[in-house]
Protein chains: 2
Amino acid sequence: MQPQAITRNAGTTIARQHEVTSALQILRSGAAKAVLQAACGAEHISAFYFPGDIINLGTLEGGRQQASVVLLSAASLCRIPQPLLQAHMQHNPALATALLQAAMQELRQANWLGVLLSQGSAQERLLFFIHTLAQRDLKTGGSGAYVHLAMSRRDVANHLGLAAATVSRTLAHLEEQGLLHCSGRTITLLKEISPRHNFS
Amino acid sequence: MQPQAITRNAGTTIARQHEVTSALQILRSGAAKAVLQAACGAEHISAFYFPGDIINLGTLEGGRQQASVVLLSAASLCRIPQPLLQAHMQHNPALATALLQAAMQELRQANWLGVLLSQGSAQERLLFFIHTLAQRDLKTGGSGAYVHLAMSRRDVANHLGLAAATVSRTLAHLEEQGLLHCSGRTITLLKEISPRHNFS
DNA sequence: CGCAACCTTGAGACAGTTCAAAGCTAGTGG
DNA sequence: CCACTAGCTTTGAACTGTCTCAAGGTTGCG
């Protein structure tokens with residue numbers, strides 16, 4: 001019973017909504033999106049995952065996966081079987097705490113997305129999103145000066161509750177303002193971004 | 001070191017954003033709202049709490065309170081000091097699991113709110129909200145036939161990402177359609193509500 | 001090279017917002 | 001017990017940010 005290293009291609013579904021699994025998956029490289037499917041057919045991308053993120057926290061202890069997770073690029077995963085996880089938890093109670101903290105972190109992000117979706121303009125939503133990606137880049141050793149979007153405009157739009165056309169237009173507008181430069185899926189930040197909706 | 005019963009009046013703040021506390025609080029009666037304050041001054045009501053709900057899960061294990069919690073009516077709380085909680089957890093490992101499950105439940109609700117905020121019309125948002133309250137009423141022994149709103153229209157509007165005027169208008173419209181009857185803060189359900197955005 | 005998916009841009013439509021005024025309700029103090 | 005007040009709710013009218021629809025441009029892959 002060992003942790004397993006796994007590699008998969010872009011487009012692969014690595015977790016399915018409602019699923020009950022017996023292993024925790026952690027993204028080691030690449031990017032993924034969490035897609036929440038409503039009964040009526042509507043879909044919402046509730047989160048994006050990057051290296052270090054836990055994919056299926058929800059399936060712990062017999063819970064069900066809240067959303068399907070689809071890879072946005074080729075990626076590698078680390079799979080930790082449930083029994084192994086439990087063995088570790090017995091030796092190391094801090095692990096349970098760490099998982100609870102991870103869950104609270106996810107909740108925090110979902111709540112801030114709620115603030116954005118309920119009160120932000122298209123521009124605020126986009127700036128916040130880019131800012132978040134840049135922060136993430138900083139934390140994982142990047143310069144924070146440019147951001148590579150792993151996802152399509154349509155995915156960004158869906159996540160932020162906008163139309164794809166609006167994302168396109170708003171990016172163009174931000175570029176006119178000299179805030180950033182945008183070429184394909186690479187965004188170069190030209191000024192400090194201080195989204196109106198700051199974390200706190 | 002015992003659990004404490006506490007009673008407070010409407011309007012009392014029973015948890016503050018960013019706070020680090022050393023006790024878990026559970027709502028025993030009454031209702032409350034969780035208010036997330038952004039640095040810019042914007043506020044979003046991320047959730048409403050009802051009897052049985054845990055108010056400050058986020059403060060467990062040195063975590064910080066994610067949002068302020070304000071009572072919507074006179075209420076009673078049960079306060080469980082951290083040491084007591086930990087003592088129980090040692091005897092009963094299932095308790096840690098239960099807390100993680102509670103956190104995942106909160107996350108689930110936040111995610112569904114996201115779907116609603118990003119893709120639902122005003123009518124869908126309201127129907128979903130009322131439906132949720134009715135379901136809650138059913139679970140706690142009510143008939144599910146009528147719903148008492150513990151919160152103001154403005155609070156409902158804020159939570160659903162609408163203007164208060166829109167909530168008022170939409171309720172009037174739903175009443176015209178014969179779906180429900182609305183008198184003050186009491187809503188009587190006249191037909192089965194099947195929101196387009198079903199849980200799943 | 002050709003296809004399929006993605007992205008951009010324009011024009012028009014519309015749901016919901018804002019602002020404002022008037023009606024209602026519940027709590028307070030005389 | 002009633003008058004008063006502050007906040008909540010409703011409703012109207014005008015406005016606007018974003019959506020939808022559609023057409024053309026671009027990219028990348030087989």
Side-chain angles (χ1 to χ4, degrees), chain A residues 9-11 31 33 42-45 70-74 116-130 147-177 180-187 196-197, chain B residues 9-12 31 33 42-45 70-74 116-130 147-177 180-187 196:
Chain A
N9 291 329
K33 58 179 174 180
E43 294 189 346
H44 181 233
I45 298 174
V70 179
L71 291 182
L72 293 166
S73 62
L116 215 60
L117 291 176
S118 71
Q119 340 204 331
S121 66
Q123 178 164 322
E124 285 164 344
R125 296 183 200 200
L126 220 34
L127 281 178
F128 177 88
F129 182 66
I130 294 169
V147 171
H148 178 75
L149 300 178
M151 69 297 289
S152 68
R153 299 279 194 275
R154 189 200 292 181
D155 282 348
V156 174
N158 177 297
H159 179 60
L160 297 178
L162 299 169
T166 303
V167 170
S168 212
R169 265 188 267 268
T170 306
L171 276 177
H173 187 221
L174 290 172
E175 200 159 3
E176 274 175 26
Q177 292 182 282
L180 47 79
H181 176 69
C182 182
S183 160
R185 293 192 177 179
T186 300
I187 294 178
R196 224 191 80 211
H197 294 282
Chain B
N9 291 328
T12 308
K33 59 178 174 181
E43 294 190 347
H44 182 234
I45 297 175
V70 178
L71 291 182
L72 293 167
S73 61
L116 215 60
L117 291 176
S118 70
Q119 338 204 334
S121 66
Q123 178 164 322
E124 284 164 344
R125 295 181 200 201
L126 259 173
L127 281 178
F128 177 87
F129 182 66
I130 295 169
V147 171
H148 178 74
L149 300 178
M151 68 296 289
S152 70
R153 298 279 194 276
R154 187 198 293 183
D155 282 349
V156 174
N158 178 296
H159 179 60
L160 296 177
L162 299 170
T166 304
V167 170
S168 209
R169 267 187 265 269
T170 305
L171 276 176
H173 187 220
L174 290 172
E175 198 159 3
E176 276 175 25
Q177 291 182 283
L180 48 77
H181 176 69
C182 182
S183 161
R185 292 191 177 180
T186 300
I187 294 178
R196 222 190 82 209

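Side-chain atoms are counted along with the backbone in the values below, which use heavy atoms only and exclude waters and symmetry mates. Here the structure is a predicted model, which means the values were calculated and not measured.
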Q.
In this structure, how many angstroms lie between the C1' atom of D/dT9 and the CG atom of B/L162, rounded?
A. 16 Å

(Q) So for atom CZ, which belongs to A/R154, do other residues, nucleotides or ligands contribute more than 12 heavy atoms lying within a distance under 6.0 Å? (A) no

Q | Euclidean distance, A/E175 CD relative to A/I187 CD1, rounded to 0.5 Å | A | 9.0 Å

**Q.** Proximity to the side chain of B/R153 - top-ranked nucleotide from C/dT8, D/dT9, C/dC7
**A.** D/dT9

Q. Does A/R154 put a side-chain nitrogen or oxygen below 4.0 Å from OP1 or OP2 of C/dC7?
A. no

Q.
Which nucleotide wins on minimum distance to the side chain of A/R185, given the candidates C/dC7, D/dT18, D/dT9?
A. C/dC7

(Q) As a test of reading the structure: which of C/dT9, C/dG16, C/dT17 is closest to the side chain of B/A163, going by heavy atoms? (A) C/dT17

**Q.** Selected nucleotide, minimal atom distance to B/S168 side chain, candidates C/dC7, D/dC8, D/dT11
**A.** D/dT11

Q: Report the distance from atom CG of B/L149 to atom C1' of C/dT25, rounded to the nearest whole Å.
A: 15 Å

Q: Mind calculating the distance between NE2 (A/H173) and P (C/dT9) to the nearest angstrom?
A: 13 Å

Q) Expressed in angstrom and rounded to an integer, what is the separation of A/E176 atom CD from C/dT8 atom C1'? A) 13 Å

Q: Please report, rounded to the nearest Å, how far the P atom of D/dG17 is from the CD atom of A/E124.
A: 12 Å

Q: Find the distance between CG (B/D155) and CG (B/L160) and round it off to the nearest 0.5 Å.
A: 10.5 Å

Q. With a 4.0 Å cut-off on heavy atoms, is B/T166 in touch with a base, just the backbone sugar-phosphate, or nothing at all?
A. base

Q | Given D/dC19, C/dT18, C/dT9, the nucleotide with the shortest approach to the side chain of B/A165 | A | C/dT18

Q.
Expressed as a whole number of angstroms, how long is the span from A/M151:CE to C/dC6:P?
A. 14 Å

**Q.** Atom pair distance, as rounded to whole Å: CD in A/Q123 and P in D/dT16
**A.** 17 Å

Q) Atom CG of A/N158 and atom CD1 of A/I45: how far apart are they, to the nearest 0.5 Å? A) 4.5 Å

Q | Interatomic distance where CG belongs to B/N158 and P belongs to C/dT18 [whole Å] | A | 12 Å

Q | Donor-acceptor pair (no angle test) under 3.5 Å: A/R169 side chain, D/dT20 base | A | yes

Q | B/A164: side chain to side chain contact (heavy atoms under 4.5 Å, CB included) partners, not counting sequence neighbours | A | B/A157

